[in-house]
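Below, all heavy atoms of this structure are taken into account, side chains as well, without hydrogens, waters or symmetry copies. FYI, the numbering just counts along the sequence from 1. When a ligand or atom number is given, it counts from 1 through the structure's own listing order.
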Amino acid sequence: MSEALFEVRTHRPENIRVRIPGSKSYTHRLLIAAALADGPSEVSGCLRSEDTLLTAEALRQMGISVKDHGDGRMDVEGRGGRLPGASEVVFLANSGTSMRLLSAIAGLGEKTSTLDGNARMRQRPLGDLLDALGQVGIPARSLPETGCPPVVIGGGSRRGGALSIACHLSSQYLSGLLLMAPCLEQGLDITVTRGPVSRPYIKMTLEILKKMGVSFSSEGDTRYRVPGGQTYRAGNYQVEPDASNASYFFAAAAVTGGSVCVEGLSLGSVQGDLGLLGIFEKMGCTVTSDSHGICVRGGDLCSVDVDMGDMPDMVPTLAVVAAFAKGTSYIRNVAHLREKECDRLSAVATELNRMGGSVRIVGDDLEIDGGCPLHGARIHTYDDHRMAMCFSVAGLRVPGVVIENPACVAKSFPNFFDVFARVMG
Ligand SMILES: O=C(O)C1=C[C@@H](OP(=O)(O)O)[C@@H](O)[C@H](O)C1
Ligand SMILES: C=C(OP(=O)(O)O)C(=O)O
């Protein structure tokens with residue numbers, strides 16, 4: 001399959017309506033919270049992609065029954081915060097969210113669990129989370145002593161207490177701690193010493209706690225207190241469509257001057273990646289929303305200067321759109337892009353430059369000169385779903401864009417190319 005290519009055809013979408021599968025971030029969180037809840041839950045609208053199915057399988061390995069109906073519904077038998085732990089190595093491929101959230105959850109395990117990933121995951125950091133777990137008596141170590149997987153966690157104290165943690169590399173450490181905290185005897189009193197980056201994902205985690213009956217308090221972005229001895233309320237929970245994966249369709253309208261509506265999304269959602277729409281408006285697009293969804297119409301694009309520390313996954317999408325805008329765009333505060341599925345700062349710059357663009361990495365920022373004459377190219381995707389999806393958008397405007405290894409979209413949007421080919425001509 002790695003030999004396969006996707007050849008993009010230029011096309012301007014007009015009045016296209018599209019449905020996007022469920023949110024990856026919500027699916028991971030709801031499955032985990034349901035696993036800790038006090039009885040059976042049904043989570044519907046789940047994303048069924050490589051990463052979320054890995055989270056479901058990991059929970060099974062740790063002793064939780066998860067039944068996948070195959071249509072987005074998953075039945076999860078929560079055990080009231082009890083977690084036996086996994087006897088076999090839990091393999092999480094390159095799913096950072098699974099690895100970080102489940103490493104914290106494994107800390108609740110009666111026995112130790114070993115969590116591992118693929119070669120790239122073995123380079124993605126986790127050390128600050130392991131340190132934090134250690135501060136409250138939970139055994140947590142990186143086997144290669146690099147702070148990266150494979151990690152061995154759990155089989156220790158369930159007391160909880162106060163800890164401090166740096167979250168400048170990832171917010172996922174904090175989301176993991178917040179999710180496990182109510183199941184500890186004393187809960188957790190968390191101080192964030194650096195960061196956090198990607199703050200909307202923390203808000204999403206807190207939203208789930210609240211929705212499932214768990215109380216907590218917070219002060220700004222750096223202090224969180226979750227009392228212990230609480231249980232998540234089992235019930236029926238619904239996952240909304242994935243705003244990050246909707247971005248490729250919004251961007252399609254932006255770069256072509258066409259119009260696209262994504263159904264089932266609302267501007268009131270806590271999915272932080274919807275913030276990209278405000279940026280598209282500043283660049284010259286028109287954004288409208290109603291009870292059916294959100295629509296974008298492209299216009300004459302101008303450059304932007306934006307801090308994207310809270311929206312890392314939208315940087316590749318924005319970079320592609322900026323390449324078609326008038327003037328130089330500055331995408332700031334995105335050092336954490338180096339820790340993703342690939343080094344996304346370097347990958348985005350290399351591939352846009354391969355198409356004749358002019359993109360520079362300056363410190364922790366990306367600078368993109370818009371309006372360069374772009375030409376077709378065979379795009380390397382670095383086994384990164386977001387690279388495959390955002391460069392497909394470039395191909396709507398530039399003839400001859402060919403996407404290598406399109407199958408890498410299985411991570412978050414397995415039928416992306418079917419949907420894309422159907423609605424983009
Ligand atoms: O918590 C989450 O669901 C996510 C948090 C973000 O990661 P970081 O916090 O590591 O930036 C994001 O990039 C990832 O796709 C999903
Ligand atoms: C960074 C991403 O995911 P993860 O951290 O879960 O691998 C992503 O989906 O862009």
Parallel, tilted or perpendicular for [X] and [Y], by the 30°/60° rule?
X      : Y      : result
Phe249 : Phe413 : tilted
His380 : Tyr382 : tilted
Phe417 : Phe6   : tilted

If you count the atoms of ligand 2 from 1 in the order shown, which ones are under 4.0 Å from a heavy atom of [X]?
X      : value
Gly96  : 4 (P), 5 (O), 6 (O), 7 (O)
Lys411 : 3 (O), 4 (P), 6 (O), 7 (O)
Lys24  : 2 (C), 3 (O), 4 (P), 6 (O), 8 (C), 9 (O)
Asp313 : 1 (C), 8 (C), 9 (O), 10 (O)
Asn94  : 7 (O)

Any N/O of [X] closer than 3.5 Å to an N/O of ligand 2?
X      : result
Lys340 : no
Gln172 : yes
Asp51  : no

Whether Arg378 side chain and Val402 backbone form a donor-acceptor pair below 3.5 Å: no

Mark yes or no for whether Asp38, through its side chain, and Ala234, through its backbone, hold a donor-acceptor pair below 3.5 Å. yes

side-chain contact (heavy atoms from CB on, under 4.5 Å) with Leu163: of Asp189, Thr191, Leu188, only one passes, and it is Leu188

Candidate list Cys148, Ser103, Ser170, test side-chain contact (heavy atoms from CB on, under 4.5 Å), partner Leu126, passing option: Ser103

Numbering the atoms of ligand 1 from 1, which are under 4.0 Å from a heavy atom of [X]?
X      : answer
Ser198 : 8 (P), 9 (O), 11 (O)
His336 : 11 (O)
Lys24  : 15 (O)

Could you tell me if the side chain of Leu102 sits less than 4.5 Å from the side chain of Leu59, heavy atoms only? yes

Suppose the criterion is side-chain hydrogen bond (donor to acceptor under 3.5 Å, both in side chains): which pairs have a residue in residues 360-370, not counting sequence neighbours? Thr328-Asp369, Arg332-Asp365, Arg338-Asp364, Ser358-Arg360, Ser358-Asp369, Arg360-Glu367, Arg360-Asp369

salt_bridge([X], [Y]) N-O dist < 4.0 Å:
X      : Y      : answer
Asp310 : Arg199 : yes
Glu207 : Lys210 : no
Asp383 : Arg120 : no
Asp313 : Arg386 : yes
Arg122 : Asp116 : yes

Under 4.0 Å, heavy atoms only, figure out whether ligand 2 is touched by the backbone of [X], its side chain, both or neither.
X      : value
Met314 : neither
Arg344 : side chain
Thr97  : both

Starting from [atom], which protein heavy atom do you reach first, and at what distance in Å?
atom                    : result
atom 10 (O) of ligand 1 : Ser170 OG, 2.7 Å
atom 5 (O) of ligand 2  : Arg124 NH2, 2.9 Å
atom 2 (C) of ligand 2  : Glu341 OE2, 3.0 Å
atom 10 (O) of ligand 2 : Arg386 NE, 2.6 Å
atom 9 (O) of ligand 1  : Ser171 OG, 2.6 Å
atom 8 (P) of ligand 1  : Lys340 NZ, 3.2 Å
atom 3 (O) of ligand 1  : Ser25 OG, 2.7 Å
atom 15 (O) of ligand 1 : Asp313 OD2, 2.5 Å

Examine ligand 1 and decide if any of its atoms is less than 4.0 Å from a heavy atom belonging to Pro312. yes

Heavy-atom contact under 4.0 Å between Met99 and ligand 2? no

Give a yes-or-no answer on whether the side chains of Thr27 and Thr52 include a donor-acceptor pair shorter than 3.5 Å. no

Verify the distance criterion only: is there a donor paired with an acceptor across the side chains of Glu240 and Ser23 at less than 3.5 Å? no

Check each heavy atom of Met204 against ligand 1 and say whether those closer than 4.0 Å belong to the side chain, the backbone, both or neither. neither

Could you tell me whether Arg29 approaches ligand 1 through its side chain, its backbone, both or neither, with non-hydrogen atoms closer than 4.0 Å? side chain

For ligand 1, is there an N or O atom under 3.5 Å from any N or O atom of Ser175? no

Do Gln172 and ligand 1 have an N or O pair less than 3.5 Å apart? yes

